[in-house]
Amino acid sequence: MNENLFTPFTIPMMLGIPITTLIIMFPTMLFPTPNQLINNRMITIQQWLTKLTSKQLMNTHNPKGQTWSLMFISLFLFITSTNLLGMLPHSFTPTAQLSMNLGMAIPLWAGTVVMGFRNKTKISLAHLLPLGTPTFLIPMLVMIETISLFIQPLALAVRLTANITAGHLLLHLIGSATLALVNISLFTALITFTILTLLTILEFAVTLIQAYVFTLLVSLYLQDNT
């Protein structure tokens with residue numbers, strides 16, 4: 001086990017050089033490119049899941065919004081693979097870093113907002129002021145709506161970071177408790193090990209759900225601006 005509770009979240013170094021970029025690029029090897037006339041089972045399942053996710057995300061978009069489908073699928077696969085990478089023992093989870101999640105959230109959010117102000121300027125500005133607002137409340141409501149608009153990418157990044165970090169910390173704590181209880185009470189250690197196994201299965205589900213939620217929220221921001 002790691003000596004420090006937050007060791008899994010520190011940036012790995014090799015010869016004094018951060019190797020985060022190499023770790024982030026590693027999951028791309030998990031998605032092979034089909035180069036045969038008849039695909040094998042792994043590629044067939046991969047393509048089926050990709051089409052299913054794309055259909056769920058882009059079902060409500062107009063033709064202009066559907067041009068982002070490749071971006072959304074790439075984003076979903078990237079977040080999913082990096083989340084699953086963090087489930088390996090003694091590995092590093094890139095999506096547990098708030099800076100990286102902000103680096104994904106801010107450009108995507110900014111792209112949707114800029115597209116909205118470019119294509120639907122009046123409608124985008126109208127979102128800043130609810131219909132029927134009393135005159136004396138207009139300045140305050142415009143300020144509140146503007147702040148809520150700029151908070152969206154921060155909420156995206158914090159949601160992903162918090163869920164991934166909390167799950168990993170919980171697994172670390174229960175795993176440490178299980179090892180400590182082995183020499184004290186084998187029955188209690190067996191119970192905590194069972195809980196650890198169930199939480200591990202739940203954490204695998206959380207990695208997939210959080211990747212889908214992140215992509216879905218960006219898709220909803222795009223839908224509001226196209």
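Positions are given from 1 along the sequence.
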Looking at N101 and F214, what are the two nearest heavy atoms and their distance? O-CZ, 4.4 Å

Of the non-hydrogen atoms in E203 and N163, which two are nearest, and what is the gap between them? OE2-O, 4.3 Å

Run the side chain to side chain contact (heavy atoms under 4.5 Å, CB included) test against V213 and tell me which residues pass, sequence neighbours left out. R159, I209, L217

What is the minimum heavy-atom distance between A189 and T192, and which atoms define it? O-OG1, 2.8 Å

Going through the distances and angles, do T207 and T80 end up as a side chain to side chain contact (heavy atoms under 4.5 Å, CB included)? CA-CA 6 Å; T207 58; T80 301; over 6 Å; no

Among residues at least two apart in sequence or on other chains, which ones pass side-chain hydrogen bond (donor to acceptor under 3.5 Å, both in side chains) with S185? T188

Spacing of L77 atom CG and T82 atom OG1 [to the nearest 0.5 Å]: 10.5 Å

Can you tell me if F193 has over 12 outside heavy atoms packed within less than 6.0 Å of its CZ? no

As an exercise, state the distance from OG1 of T215 to CD of Q210, rounded to the nearest 0.5 Å. 10.5 Å

Where do A105 and P153 come nearest, in terms of heavy atoms and distance? CB-O, 3.5 Å

Partners passing side-chain hydrogen bond (donor to acceptor under 3.5 Å, both in side chains) against W68 (at least two apart in sequence or in another chain): none

Restricting to side chain to side chain contact (heavy atoms under 4.5 Å, CB included), what partner residues turn up for L52, sequence neighbours left out? W48, Q56

ILVMFWY network linking I191 to V182, side-chain heavy atoms under 4.5 angstrom: no

Evaluate the criterion side chain to side chain contact (heavy atoms under 4.5 Å, CB included) for residue pair T161 and M100; output intermediate values, then yes/no. CA-CA 9 Å; T161 304; M100 174 179 168; over 6 Å; no

Within one Ile-Leu-Val-Met-Phe-Trp-Tyr cluster: V114 and M71, side-chain cutoff 4.5 Å: no

Inter- and intrachain pairs under ring pair (Phe, Tyr, Trp, His ring centres under 6.0 Å), touching residues 144-167, at least two apart: W109-F150

Given the rule that I, L, V, M, F, W and Y join up when any side-chain heavy atoms are under 4.5 Å apart, are L173 and L181 in one cluster? no

Who passes side chain to side chain contact (heavy atoms under 4.5 Å, CB included) against S74, sequence neighbours left out? L70

Contact between M104 and I79 at the side-chain level, heavy atoms closer than 4.5 Å - yes or no? yes

By side-chain hydrogen bond (donor to acceptor under 3.5 Å, both in side chains), T112 pairs with (sequence neighbours left out) none

Test of understanding: with side chain to side chain contact (heavy atoms under 4.5 Å, CB included), list the residues that count as partners of L170, not counting sequence neighbours. I174, L199

Distance col, row S81:OG vs F76:CZ, nearest 0.5 angstrom, shows 10.0 Å

Run through the side-chain heavy atoms of Ile, Leu, Val, Met, Phe, Trp and Tyr, join any pair under 4.5 Å, and report what else lands in I151's cluster. M143, I147

With rounding to the nearest 0.5 Å, note down the distance linking CG in L141 to OG in S148. 10.5 Å

Suppose clustering is done on Ile, Leu, Val, Met, Phe, Trp and Tyr with side-chain heavy atoms closer than 4.5 Å. Which residues sit in the same group as L102? L98, I106, L154, V158

Using the test side-chain hydrogen bond (donor to acceptor under 3.5 Å, both in side chains), find all partners of T95 that sit at least two apart in sequence or belong to another chain. N83

Would a single hydrophobic cluster contain both L179 and L190, if residues Ile, Leu, Val, Met, Phe, Trp and Tyr are joined by side-chain heavy-atom contacts under 4.5 Å? no

Applying the 4.5 Å side-chain criterion to the ILVMFWY set and letting contacts propagate, would I195 and F187 be lumped into a single cluster? yes

Identify the two heavy atoms, one from M87 and one from L171, that lie closest to each other, and give their separation to 0.1 Å. CE-CD1, 4.1 Å

Under a 4.5 Å cut-off applied to non-hydrogen side-chain atoms, are F72 and L216 in contact? no

So, for A96 and I164, which heavy atoms are closest and what is the spacing to 0.1 Å? CB-CG2, 4.2 Å

